[in-house]
Amino acid sequence: MQSYDFKNSIGFIVNRTAKVFVKALDSELREKVGVTFGQWKVVVMLSMQDGITQKEIANRLGLEAATLIPIIDKMEKEGLVVRQVDQADRRNNRIYRTEKVDALWDQMIECALKIRKISVKDIPENHITIMRDSLEKICENLNIHFNVGCDTTVSTISAADTSITPSNKNVKKKKVKFIEGVT
């Protein structure tokens, strides 16, 4: 049987690091803000474009709808988001941030920045740039060869997209600035 040094494989190291990163950020977000990492990811998507559909959120996060629905349900129950039926296609729900989640945004960013700062301690900025570029290239290479859905572009569509007109008076229309590269 051929041996394989999985502990030194890029995939293993990236996966292990990602899991630790997620656990650290989840812990910080829960302690400081009272939201989970899963909720954070939804808020990040809504900060880039408020009022997108549940399906769009799931696709952008690489999640199955069955995984996302309980997260959105909990967020709605906690007053962090509002779910509205899409008037153009009643089969879809559009998700909107609330004033409550907008008020927590800066605290969430502080948590992400803290985890980033800790995670890159004693690593020169040029090494971080090389690492980021290398990981993006790995993602691109794998996507080209296997078509595995690695999207290396980040959509920065405005939260004030005029095609989205919420009718709920509780919906916050304020733009929330998304800081690229926070996590």
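In this text the structure is predicted, and so the values were computed from the model without any measurement.
With a 4.5 Å cut-off on side-chain heavy atoms, Q54 and N92 do not count as touching. Two residues are said to be in side-chain contact when any heavy atoms from C-beta on lie closer than 4.5 Å; R60 and I52 meet this criterion. Contact check for I57 versus L63: no side-chain heavy atoms found under the 4.5 Å cut-off.
Not counting sequence neighbours, the partners of R91 by the side-chain hydrogen bond (donor to acceptor under 3.5 Å, both in side chains) test are D89.
Taken from CZ in R132 to NE2 in H127, the straight-line distance is 14.0 Å, to the nearest 0.5 Å. With rounding to the nearest 0.5 angstrom, the CG atom of L80 is 10.5 Å from the CG atom of D102. Atoms CG and CZ, from L46 and R94 in turn, are 11.5 Å apart once rounded to the nearest 0.5 Å. Considering CD1 of I130 and CD1 of I123, their distance stands at 12.0 Å, rounded to 0.5 Å. Rounding to the nearest 0.5 angstrom, the gap separating the CD1 atom in I118 from the CZ atom in F21 is 10.0 Å. To the nearest 0.5 Å, atoms CD (E140) and CG (L135) are separated by 12.5 Å.
Exactly one of V43, V35, T98 qualifies for a side chain to side chain contact (heavy atoms under 4.5 Å, CB included) with M75. That residue is V43.
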Note to self: Set out, in order, the CA-CA distance, both residues' side-chain angles and the distance that settles side chain to side chain contact (heavy atoms under 4.5 Å, CB included) for E56 and I95, then state yes or no.
What the structure shows: CA-CA 10 Å; E56 289 169 318; I95 310 301; over 6 Å; no
How far apart are the C-alpha atoms of N93 and T53, what are their side-chain angles, what is the distance that settles it, and do they pass the side chain to side chain contact (heavy atoms under 4.5 Å, CB included) test? CA-CA 5 Å; N93 287 314; T53 66; over 6 Å; no
Verify salt bridge (Lys or Arg N to Asp or Glu O under 4.0 Å) between K32 and E110, making sure each step is shown before the conclusion.
-> CA-CA 9 Å; K32 301 287 195 273; E110 289 302 316; over 6 Å; no
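In plain terms, the two heavy atoms of A24 and I115 that are nearest each other are O-CD1, 3.7 Å. For the pair Y96 and G51, the tightest heavy-atom approach, listed with the atom from each and the gap, is CE2-CA, 3.3 Å.
I128 and L25 end up in different hydrophobic clusters when Ile, Leu, Val, Met, Phe, Trp and Tyr side chains are linked at under 4.5 Å. Side-chain heavy atoms closer than 4.5 Å link hydrophobic residues (I, L, V, M, F, W, Y) into clusters, and following such links, possibly through other members, connects L113 to V33.
For the residue pair Q39 and E78, a side-chain donor N or O sits within less than 3.5 Å of a side-chain acceptor on the partner.
Looking at N143, its side chain does come within 3.5 Å of a backbone N or O of V148 through a donor-acceptor pair. For the pair D26 (side chain) and F37 (backbone), a donor-acceptor distance under 3.5 Å is present.
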Cut-off 3.5 Å, no hydrogens considered: what does the side-chain donor-acceptor table look like for residues 67-74, sequence neighbours left out?
residue : atom : partner : partner atom : Å
D73     : OD1  : R83     : NH1          : 3.0
D73     : OD1  : R83     : NH2          : 2.8

Please list every donor-acceptor pair under 3.5 Å in which a side-chain atom of residues 8-19 meets a protein atom from a residue at least two apart or in another chain.
residue : atom : partner : partner atom : Å
N8      : ND2  : D5      : OD1          : 3.4
N8      : ND2  : D5      : OD2          : 2.6
S9      : OG   : F6      : O            : 3.0
S9      : OG   : F12     : N            : 3.2
T17     : OG1  : I13     : O            : 2.7

